[in-house]
Amino acid sequence: MPSPAAVVTADQEVRYNPSEIEPRWQATWDAQPDLYAAEPPTCGKPKYYVLEMLPYPSGQLHMGHVRNYAIGDALARHQWMLGYNVLHPMGWDAFGLPAENAAIKNNTPPREWTLANIAAMRRQMARIGLSYDWQREITTCLPDYYRWNQWFFLKMYERGLAYRKKSKVNWCPECATVLANEQVIDGRCWRHEETKVEQRDLEQWFLRTTRYADELLRDLDKLDAWPDKVRTMQRNWIGRSEGALVDFEIQRQEERTPSRQPIKLNLTETALEESSGTITVFTTRIDTIYGATSIQLAPEHPMVAQFARNNSELARDVQAMLEQQEAALENEGFNELEKLGIFTGHYVRNPFSEELIPVWVANYVLMDYGTGAIMSVPAHDGRDYEFAQKYKIEIKIVILPRRTEGSENHNKQESMLPYTEEDSMLMNSGPFDMLGCVEAQQKMAAYAQGKGFGKPMVTFRLKDWGISRQRYWGTPIPILYCEKDGIVPVPEDQLPVLLPENVEITQQGGSPLSRVPEFMNVKCPRCGGPARRETDTMDTFVDSSWYFYRYTDAKNNQAPFDPAIAAYWFGEKGIDQYIGGVEHAILHLIYSRFWTKMMRDLGLVKNSEPVQRLFTQGMVIKNGAKMSKSKGNVVSPDDMIARYGADATRMYSLFAAPPDRDLDWQEDGVAGVSRFLSRVYRFAGKTMPRAIAGRSQPLPASFTPVEQNLMRKLHQTIRRISHDFEGRWHFNTCIAAIMELVNDLTAAEPTIKAGAIRDSVLYAATRNLILLLGPFAPFLAAELWSQLGETASLLRAPWPAFDEKLAAEDVIGIPVQINGKLRAVVTVPAGTTENELREIALADEKVKASVTGKEIVKVIVVPGKLVNLVVR
RNA sequence: GCGAAAGUGGCGGAAUUGGCAGACGCACCAGACUUAGGAUCUGGCGGGGAAACUCGUGGGGGUUCAAGUCCCCCCUUUCGCACCA
């Protein structure tokens, strides 16, 4: 039990010394492992699950972490005081590349490096006074966690949700591994901004996220306690579009009608040899198909290779086009890519119009969206229009442009091109003329289906999640390849597949595990013959996709968690409050949603969404830029704590800005908060003996005016903070309100000294002040709480209630405006009626002076707010 | 280019519904106390003006007795998306 920091007498100055108070309380708390422990579901209390995103154990907390955790900790502490059974856990996202890089650099095994970092960060967190239930700590790189990744993988494999296929994948040469689509930003690696991602053909494991694409999209509407920004980002990422597939038949050379061929062709005789087959395009605007004047293929489209087989010139031109694009990317970046195209010499028949149209290769067509082929409708698509203008391709209007206001002078249809709106009707479209665009889309897709050359189609931008990584420090994929039986999953009772230690990590390509024969070579569980293990490991985002379920039952060695316990903590809607950076809006938060739906279909959970309320806090910036080593503007939390204490550091991170906005770190501000805490400490020190004396006395039945002022401020402060915790979370103004209260209290010191405020009133003020400080400055609050004679934890004390009557103002100042300009302020009792207020205002000397000689046209009286005289 | 958020003193930021613009804090200025401190306390602190007053929330219009707040147009910044057919 800590002893009071100082014996205080009325006049003795006591110094606030956080470097003495805070470690003392930290030691006390460390010795009570159950202090922050969540109770079992049987406790009968309502639950509250508050979670901050688990960190990667880099070994050093940064200010962004501190801010994130300060927000979560304030919430958790407040919920505890409200009487909830709070689950507030913490863990480590401990697999990943940095450990391997560190291994190469320092010749330390990844496991050792990671566990040492975790220990260091756990110490930092304790020093900050974060209220985590460490008995539930999870570390994703340990077998008791990652074995369940493997278990889930097997379950998904059984259900066809995990599958293997050869495909073009994103390859980062720097990481020497494959990246998910989500990890490629502007064609570059998410970890290596300067490194361009290459495309490689590899056998990879995928999770079928697309099976849930529709539900992932639809359920976004239910997540009304998520930021709109995040929902929009996910919606765009999933990228659902409704449209149609249409087959265009390639015409034999001799059938080709000689047509207007606008540009000079670069064709040799061999290129004109026969090719056959169909090209299928995806379009969302089948209503414009009569306006299709060419077909565009992605350069990687298989048909391009087929055409090029007999046409070396085409092959060369396509190659040259790709090189030109590469060079443009290098010089101008992604922003301004010029559209490039090459005519293949081939034609297809438009199944609707029967017209023959040329087939081109175009750099703006993407192979991995839709079918990699489009129909080009220059009159009604911006990109096609640009392309057609450049290459002199025919432009055919098939949608009647609707004239908008101001366009009367430009009644030539051509001047309105490209007309891309869907609010008009078809023309030049045979039997479909005069139909509205939207109606035509349905009818034409159905028509194509009826005739067998197309069908309605929904396409998603979302791809299946490629999880294979050619790295060591990750979860081994529990799969064997048998010479006889092919792909064989590791039997469930043989889990976990342990990651071997003492593996040589090098920067060379390929999975490090493939150089460990004792890991790789095994017997097939089916036939006993020779087999080899899968040597790729799982993407680390697998680990974080379900970790928050593990917290509910972290020590379970029979299952990832007990569904009944998870059902208690997740309820129907998921985690009550999840807090983290917006940078995880897509990756982590889509994978987590997918994983929850998958688990629901396995019968493990009842909820369909993992997170009910999501909060994304702003970044910590300094001198106008995000804190980063490269910018040299990093502020170390350790440094701040050493100088100002943990309370001041975390309180400043809540005070300097509302939590959802970026926070500009100014050290002078931390000093200011520290001064404030010091003022609190000195005030409490001076008045504590009187407050303690008042502890056993009841509050007086009626207050003196000074007492009443104090009580009013106190209850107004409680009211304000209580309301803010309910959802607005403007902790900056909460802390400002506490400062105002303390300013009032210190201003009243002479009155207190003179005995004009009774001890019981002083006790109420002091006690409640300490309770209000609890969520924001837990060390100082604990210290003062104990000085007040309390022995139980502050967390178990009930959050103070406010009394509306005590908080109410009895006298208010009412501004009096004349023609909207402030001319006087009259002081009236609260509850003054409209008529009384009008008379008081008109009788005011200043007001009289201002209206002399003028006619009062109108008097606006808003009781409790203001009076406005309109004069002439 | 598309979408979202934001723009208020020297600075971070206040101002639930339209109702006293600038709470709280920082910095700064003046003073007090001093066994000089990175200490504490008191007062001041948007611009102009001696004052009465007056101007003032990115710019321009509008609605209203009243606009930081609502409507229209424009500018800037940040973030996200970016050839998605």
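This one's a predicted model, so the numbers in the text were calculated from it and none came from an experiment. Note: hydrogens, waters and symmetry copies are ignored here, and every other heavy atom, side chains too, is used. Throughout, protein chains are lettered first and strands after them, A, B, ... in sequence-line order, and every chain is numbered starting at 1.
Using a 4.0 Å heavy-atom distance criterion, A/Arg823 is classed as a sugar-phosphate-only contact. A/Asn868 comes within 4.0 angstrom of a base, heavy atoms only. Nucleic acid contact class of A/Asp381 (heavy atoms, under 4.0 Å, all strands): none. Contacts of A/Asn819 with the nucleic acid, taken as non-hydrogen atoms under 4.0 Å apart, are absent. Within 4.0 Å of A/Lys821, counting heavy atoms only, lie sugar-phosphate atoms of the nucleic acid but no base atom. A/Tyr652 comes within contact range of no nucleotide atom at all, as no heavy-atom separation falls under 4.0 Å. Heavy atoms of A/Gly243 sit nowhere under 4.0 angstrom from any nucleic acid atom. Across all strands, A/Gly239 comes closer than 4.0 Å to no nucleic acid atom at all (heavy-atom distances). Nucleic acid contact class of A/Asn743 (heavy atoms, under 4.0 Å, all strands): sugar-phosphate only. Looking at heavy-atom distances under 4.0 Å, A/Val870 makes contact with sugar-phosphate atoms alone, never a base. Residue A/Val365 is classed as a base contact, given a heavy-atom separation below 4.0 Å to a base. Residue A/Gln817 is classed as a base contact, given a heavy-atom separation below 4.0 Å to a base.
Taking the ring centroids of A/Phe802 and A/His723, they lie under the 6.0 Å cut-off. Between A/Phe248 and A/Phe453, the ring centre distance reaches or exceeds 6.0 Å. Less than 6.0 angstrom separates the ring centroid of A/Phe731 from the ring centroid of A/Phe725.
In this structure, B/G9 is classed as syn because its glycosidic torsion stays within 90° of zero.
In this structure, the CZ atom of A/Phe776 is 16 Å from the C1' atom of B/G25, given to the nearest Å. Between the CG atom of A/Asp668 and the P atom of B/C26 there is a distance of 9 Å, given to the nearest Å.
By the 4.0 Å N-to-carboxylate-O rule, A/Arg675 lies too far from A/Asp668 to be salt-bridged with it. A salt bridge does not link A/Lys390 with A/Glu386: none of the charged nitrogens is closer than 4.0 Å to a carboxylate oxygen. A salt bridge does not link A/Arg285 with A/Asp381: none of the charged nitrogens is closer than 4.0 Å to a carboxylate oxygen. Between A/Glu726 and A/Arg728 there is no salt bridge, since no side-chain nitrogen of the basic residue lies less than 4.0 Å from a carboxylate oxygen of the acidic one. Between A/Asp724 and A/Arg720 no salt bridge is recorded (no basic side-chain N to carboxylate O distance below 4.0 Å).
In the set B/A82, B/A15, B/C20, the nucleotide with an atom closest to the side chain of A/Arg728 is B/A15. With B/A14, B/C83, B/A85 as the candidates, the nucleotide lying closest to the side chain of A/Tyr369 is B/A85.
Between the base of B/G38 and the side chain of A/Tyr644 there is a donor-acceptor pair shorter than 3.5 Å.
In this model, a donor atom of one side chain and an acceptor atom of the other lie less than 3.5 Å apart for A/Tyr364 and A/Asp384.
With C1' as the reference atom, B/G47 and B/A21 are 14 Å apart, rounded to whole Å. For the C1' atoms, the distance from B/G58 to B/U77 is 11 Å, rounded to whole Å. Distance check on atom P: B/C55 versus B/G60 gives 15 Å, rounded to whole Å. A gap of 14 Å separates the P atoms of B/G22 and B/G9, to the nearest Å. Spacing between B/U34 and B/A39 at atom C1', rounded to whole Å, works out to 10 Å.
For B/A4, the OP1/OP2 oxygens have no side-chain nitrogen or oxygen of A/Asn236 closer than 4.0 Å. For B/C41, the OP1/OP2 oxygens have a side-chain nitrogen or oxygen of A/Arg682 closer than 4.0 Å.
Ranked by how close their nearest RNA chain B nucleotide is to the 5' end, A/Lys858 and A/Arg285 are led by A/Lys858.
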For RNA chain B, the dot-bracket pattern of Watson-Crick and G-U pairs whose distances stay under 3.5 Å, | for other-strand partners: (((((((..(((......[....))).(((((.......))))).(((....)))..(((((..]....))))))))))))....
